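Data block below; observations after.
None of these values were measured; they are calculated from a predicted model.
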Amino acid sequence: MQNKTFSIMQVSEMTGVSQNRIREWHEKGLLPQVEWIAVGSRQHRRFTEDDIRIIRKIDELQRKGFMLRAAAEKATEE
């Protein structure tokens, strides 16, 4: 049985983090577990519940004053 995955739009709505910020974090390698799926000729990101937990934690830590890379490292350690 496959685990449920979510689109970037769903993740943005669930976490309050903009789609652009999520894309930026992924492109910088801060969300390495995010999967890509092909839909026709396009590629789409798919996020697991663990990815969503990390995104929420990065956002929370940044609001507390952590720099992005430090927040991502701390979020993935927990």
When you check the gap from the basic side-chain N to the acidic O, do R46 and D51 get nearer than 4.0 Å? no
Check: M14 main-chain N/O paired with R56 side-chain donor or acceptor under 3.5 Å: yes
Run the numbers on Q62 and L68 for side chain to side chain contact (heavy atoms under 4.5 Å, CB included), then give the verdict. CA-CA 6 Å; Q62 279 208 290; L68 178 57; 3.6 Å; yes
I54 side, atom CD1; T48 side, atom OG1 - distance, nearest 0.5 Å: 7.5 Å
Please check if the side chain of T76 supplies one atom and the backbone of A72 the other of a donor-acceptor pair under 3.5 Å. yes
Heavy atoms only: give me the nearest L30-R69 pair and the separation to one decimal. CD2-NH1, 3.2 Å
Whether the side chain of E73 engages the backbone of A70 through a donor-acceptor N/O pair (distance < 3.5 Å, no angle test) should be reported. no
Please determine if E49 and R53 form a salt bridge, counting it only when a charged side-chain N lies under 4.0 Å from a carboxylate O. no
For the atom pair CG (L31) and CD1 (I55), what is the distance rounded to the nearest 0.5 Å? 5.0 Å
Are V17 and F66 linked, directly or through other ILVMFWY residues, by side chains that come within less than 4.5 angstrom of each other? no
Do you know which two heavy atoms are closest between A75 and I58, and how far apart they sit? CB-CG1, 3.7 Å
Heavy-atom side-chain proximity of F47 to I22 below 4.5 angstrom: yes
Given the rule in the side chain to side chain contact (heavy atoms under 4.5 Å, CB included) test, do E24 and N20 qualify, once you have shown the distances and angles that lead to the verdict? CA-CA 6 Å; E24 174 191 347; N20 286 337; over 6 Å; no
Does the pair K64/E60 count as a salt bridge with the N-to-O cut at 4.0 Å? yes
Out of E35, R23, Q19, which one pairs with R45 under the side chain to side chain contact (heavy atoms under 4.5 Å, CB included) rule? R23
